[in-house]
2 protein chains.
Amino acid sequence: MAFWVVVGFLARPTPDLDGWQHTRWPVASRAPSGEMSGQPSASSGLVPGRTARRPSARRFTMTTKSAAKTAASRPRSRSTLHAGPVTLEMVAQAAGVSPSTVSRILNGTAVVSAAKKQAVDEAIAALGFVPNPVARGLAGGRTLSIGVVALSIDSPFYGVAMRGIEDELDRAGYSPLFVSGHWNVEEELRCIELLKARRVDGIIVLTGRLSDTALRAQARALPLVVTGRNLKAPGLCSLGSDDEAGARLATQHLLDLGHRRIAFIAGDAEHPDADARKRGHLGALQDAGIAPDPALIQQGDYQEAGGQLAVDRLLQGRQRFTAIFSANDQMALGALLALYRRGLRVPDDISLVGYDNLAVAQFATPPLTTVHHAGYEMGQTAAAAMLSLLSGVKPTQRLAPPRLIVRESTRRLTG
Amino acid sequence: MAFWVVVGFLARPTPDLDGWQHTRWPVASRAPSGEMSGQPSASSGLVPGRTARRPSARRFTMTTKSAAKTAASRPRSRSTLHAGPVTLEMVAQAAGVSPSTVSRILNGTAVVSAAKKQAVDEAIAALGFVPNPVARGLAGGRTLSIGVVALSIDSPFYGVAMRGIEDELDRAGYSPLFVSGHWNVEEELRCIELLKARRVDGIIVLTGRLSDTALRAQARALPLVVTGRNLKAPGLCSLGSDDEAGARLATQHLLDLGHRRIAFIAGDAEHPDADARKRGHLGALQDAGIAPDPALIQQGDYQEAGGQLAVDRLLQGRQRFTAIFSANDQMALGALLALYRRGLRVPDDISLVGYDNLAVAQFATPPLTTVHHAGYEMGQTAAAAMLSLLSGVKPTQRLAPPRLIVRESTRRLTG
DNA sequence: TTGAAAGCGATACCAC
DNA sequence: GTGGTATCGCTTTCAA
């Protein structure tokens with residue numbers, strides 16, 4: 001996208017217009033004709049801002065067929081000094097073609113003669129034209145932006161997923177619009193409405209709390225990609241990861257090391273993947289012929305504090321166990337602290353396995369054995385799937401299966 | 001903002017139009033009249049999408065004075081069944097007023113009679129009207145969105161800052177647009193251009209790599225808030241935190257505990273605050289009459305691995321030291337691991353202080369003594385400052401001074 | 001106070 | 001292949 005590179009923007013308010021006053025920032029493409037009036041609205045809660053219209057400088061328009069070659073009579077002729085947002089129309093004039101043609105070249109909507117294409121490309125480069133996504137959004141219905149609903153903008157796991165989305169979308173000229181649902185269904189819905197109001201072209205939901213039904217409904221209005229689920233619906237692409245298999249890997253690893261009494265710290269039950277991880281753990285135990293001990297299963301919340309409390313409960317209950325599998329790394333970190341507080345060493349006294357392979361996991365003391373849950377890749381894949389959806393191609397992306405990362409928090413049970 | 005609550009959106013493509021085909025998602029407010037033609041463009045790299053115009057259903061317009069009461073003849077009359085984006089114009093019709101009046105009420109741009117206001121408010125509620133920010137952006141020049149340039153979307157420290165921004169802006173009806181510069185000046189500039197292309201109303205730069213001069217220049221075109229700096233310029237609000245004082249606090253704490261040989265792990269030199277933290281450390285030493293030993297100062301990079309390597313170098317160099325002050329928590333985590341690997345216990349053998357008070361710091365083993373660098377609050381304050389700037393008020397926000405958080409990674413030097 | 005209408009900057013129909 | 005131009009949904013003159 002060559003035309004996307006150069007941008008010519010206002011360095012200072014255009015001084016060539018009549019009535020310019022002391023407004024500091026040129027608002028969009030308008031040159032102010034005076035200060036705004038009016039009070040902050042009760043509805044919007046905000047001052048209208050320093051917007052005003054070009055008072056005399058009227059854009060040329062040719063409502064009737066007769067107004068043919070008026071181009072030269074345009075009031076604000078282009079000059080390097082009086083820079084302002086360069087419009088498609090300016091490019092058209094400079095290249096001596098119609099706006100339609102420029103648009104066609106920009107979007108590849110139709111075949112244009114090589115000569116005109118070159119003229120337009122040159123004009124674009126010369127003027128430093130950047131298409132205005134806002135106008136594009138209004139006119140074309142597409143804003144080249146994708147809404148991303150995350151649980152929280154500062155989530156350690158989804159943070160890297162967001163980076164993956166960002167990188168992948170960027171390559172296609174799309175921008176992500178991140179909003180956070182804060183672990184709350186209503187807020188997630190509000191986020192989606194906000195994104196739709198902003199006319200995003202599609203929405204990526206990173207797991208989230210919404211019901212499958214709600215997601216299906218949304219997908220009827222807008223392309224939707226959702227991670228952490230497995231559901232089928234028109235216009236919807238779900239990218240489930242096999243958390244059950246991942247959890248099996250973790251528990252199996254502990255079993256392989258000779259552990260038999262393995263405590264499990266469950267994730268937030270509201271989270272769809274929490275149950276899968278629990279099933280994986282129980283499944284692995286069962287396959288090994290071990291009856292799960294309910295006392296060894298502690299409810300957590302996917303947060304550090306939850307892991308810490310879970311271990312405290314385990315210890316207070318005087319449960320015998322030689323290993324812990326925590327349904328995510330964050331809780332494992334809390335577990336690590338709880339064990340440390342009691343003077344229990346990892347892995348000498350207790351082996352510990354996490355899940356997710358967060359960046360911090362490798363810097364825990366000791367570095368955490370965990371299940372790699374590819375966050376960055378998940379984001380990238382979700383974005384790629386969205387781009388497929390948008391281009392009308394059925395997305396075929398799938399997530400890589402989870403894999404075990406053995407570090408230093410687990411060891412063979414001896415004695 | 002009462003009108004912001006309800007949204008009526010397309011559940012399925014409007015079936016009342018002629019020529020409807022198998023398009024899946026209604027693009028913006030248009031009902032398709034057929035499939036799109038054309039190839040993906042070399043410029044945009046993307047398929048144009050399934051956009052099409054309403055073929056016959058023409059919006060009513062009154063170009064001449066004579067076309068007075070045509071409202072009733074409007075082709076697509078409003079009905080609950082044929083829901084579609086509710087426009088301001090529909091509200092106007094429902095309320096029996098002109099679009100201008102609705103706009104005035106929405107924005108508080110002018111005084112409107114109570115009766116009309118009520119009628120409009122009711123119509124808004126009844127139709128579930130939500131103003132289209134895209135159209136607003138085009139027409140008014142304001143998009144109610146603020147660009148936020150971060151180093152990375154998944155930065156642990158700036159993550160919480162972003163949350164602060166999000167929360168604060170949300171209360172004013174603004175949305176943040178997060179973009180990442182990836183620790184790279186060129187990319188940061190590219191981000192800013194992208195944000196300007198998307199017509200954000202202002203930009204918040206979270207520290208970043210841009211030079212003060214570059215920032216000043218940007219501020220001439222758009223309101224700008226920048227954290228981690230102290231610079232003055234028109235249209236610019238900088239929110240510097242006193243990192244020097246914070247670092248002094250950390251080193252002073254170690255001195256108070258009787259430590260004399262204190263190693264320092266410096267932050268990424270490209271970061272403006274890294275130098276301040278180093279100065280604070282050296283200043284505290286100097287005040288205590290201790291000559292800094294260059295061998296005890298190790299360069300880090302603000303990443304975990306950097307902290308780990310720094311400690312490795314310290315240990316390999318057989319330096320004598322009883323405490324370490326790491327210029328941020330991430331490096332402190334790495335330091336913790338390096339010490340653990342050598343069998344050195346924190347705080348028994350070595351005391352360790354970090355900086356930032358990341359969420360993970362309190363779950364390190366042992367929980368990290370650190371300097372609280374209010375990320376969330378920083379974001380909130382930056383957003384508030386931006387809102388001030390936008391409303392023409394000179395921002396007076398300041399950041400709270402850093403403060404020491406004593407946890408378990410430091411102890412009094414005995415013997 | 002209120003309404004009419006001219007844009008904002010693109011897109012994509014429709015005709016040539 | 002092109003150009004004209006009617007929108008998109010809203011803001012803000014200007015005139016009444």
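Order of the sequence lines fixes the chain letters, A, B, ..., with proteins taken first and strands second; residue numbering starts at 1 for each chain. Hydrogens, waters and symmetry mates play no part in the numbers below; they use all other heavy atoms, side chains included.
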task: Report yes or no: do B:Arg198 and A:Ser175 form a side-chain donor-acceptor pair below 3.5 Å?
output: yes

message: For a quick check of understanding: with a heavy-atom distance under 4.0 Å over all strands, which category does A:Val134 fall into, base, sugar-phosphate or nothing?
response: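 The residue A:Val134 makes no contact with any strand.
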
B:Thr101 vs B:Ala135, nearer the 5' end of DNA chain D by closest nucleotide: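 The answer here is B:Ala135.
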
query: Residues in side chain to side chain contact (heavy atoms under 4.5 Å, CB included) with B:Ala119, at least two apart?
result: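 B:Ala119: side chain to side chain contact (heavy atoms under 4.5 Å, CB included) contacts with B:Ala95.
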
N/O donor-acceptor pair under 3.5 Å between A:Asp201 side chain and A:Leu144 backbone: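 Side chain of A:Asp201 to backbone of A:Leu144, a donor-acceptor pair under 3.5 Å: yes, one is there.
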
message: In whole Å, I'd like the distance from the CG atom of A:Asp201 to the C1' atom of C:dT11.
response: 14 Å

message: Can you tell me if A:Lys117 touches the phosphate of D:dG1, counting only side-chain N or O atoms and a distance under 4.0 Å to OP1 or OP2?
response: no

field: Nucleotide C:dG7, atom P - distance to CD of A:Glu89 in whole Å
entry: 11 Å

message: Can you measure A:Arg136 atom CZ to D:dG9 atom P for me and round it to whole angstrom units?
response: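 Going from A:Arg136 (CZ) to D:dG9 (P), I get 19 Å.
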
- request: Can you figure out which of D:dC10, C:dA4, C:dA12 approaches the side chain of B:Ser100 most closely?
  value: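 In terms of side-chain proximity for B:Ser100, the closest of D:dC10, C:dA4, C:dA12 is C:dA4.
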
task: When you get a sec, tell me which of C:dA10, D:dT11, C:dT2 is the closest nucleotide to the side chain of B:Ala139?
output: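 Closest nucleotide to the B:Ala139 side chain: D:dT11.
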
- prompt: Within the side chain of A:Ser145, is there an N or O that forms a donor-acceptor pair under 3.5 Å with the backbone of A:Leu177?
  reply: no

message: Between C1' on C:dA12 and CG on A:Leu138, what's the gap in Å once rounded to a whole number?
response: 14 Å

message: Can you tell me whether the side chain of A:Ser98 and the base of D:dG4 have a donor-acceptor pair closer than 3.5 Å?
response: no

- request: For B:Asn107 and D:dT12, give me the distance from atom CG to atom P, rounded to whole Å.
  value: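 These atoms are roughly 7 Å apart.
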
statement: Taking D:dG1, C:dG3, C:dA12 as options, the one with an atom nearest any side-chain atom of A:Ser113 is D:dG1

Distance in angstrom units between A:Met90 CE and C:dA10 P, rounded: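 Checked: the CE to P distance equals 9 Å.
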
task: Look at all strands and tell whether B:Ser103 reaches a base, only sugar-phosphate, or nothing, counting heavy atoms closer than 4.0 Å.
output: base

statement: Taken to the nearest whole Å, CD1/B:Ile105 to C1'/D:dG9 is 17 Å

Inter-axis angle, terminal five-pair segments of the helix from C:dT1-D:dA16 to C:dC16-D:dG1 [nearest 10°]: 40°

message: Given the structure, check if the side chain of B:Arg104 and the base of C:dG3 hold any donor-acceptor pair shorter than 3.5 Å.
response: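 A donor-acceptor contact between them is present.
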
query: Counting distance only, does the side-chain N/O of A:Arg104 pair as donor-acceptor with the main-chain N or O of A:Val102 below 3.5 Å?
result: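 No; judged by distance alone, with no hydrogens or angles, the pair does not exist.
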
- request: Please determine, by modelled atom types, if B:Ser100 and B:Ser103 share a side-chain donor-acceptor pair under 3.5 angstrom.
  value: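 Note: B:Ser100 and B:Ser103 side chains miss the donor-acceptor criterion.
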
query: Do you know the tightest heavy-atom contact between A:Val112 and A:Lys117?
result: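 Smallest interatomic distance, heavy atoms only, reads CG1-N, 4.3 Å.
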
- prompt: Base, sugar-phosphate, or nothing for B:Val102, non-hydrogen atoms under 4.0 angstrom?
  reply: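 Answer is nothing: B:Val102 stays at 4.0 Å or more from every strand.
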
- prompt: Any N or O donor-acceptor pair linking the side chain of A:Thr87 to the base of C:dA10 at under 3.5 Å?
  reply: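 It does not, because no donor-acceptor pair links the side chain of A:Thr87 to the base of C:dA10 below 3.5 Å.
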
message: Whether the side chain of A:Arg136 engages the backbone of A:Val134 through a donor-acceptor N/O pair (distance < 3.5 Å, no angle test) should be reported.
response: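 No: the side chain of A:Arg136 does not pair with the backbone of A:Val134.
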
statement: Of C:dA10, D:dC10, C:dG3, the nucleotide closest to the side chain of A:Leu88 is C:dA10

task: In whole angstrom, give the distance that lies between atom CZ of A:Arg199 and atom C1' of D:dC10.
output: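 Going from A:Arg199 (CZ) to D:dC10 (C1'), I get 11 Å.
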
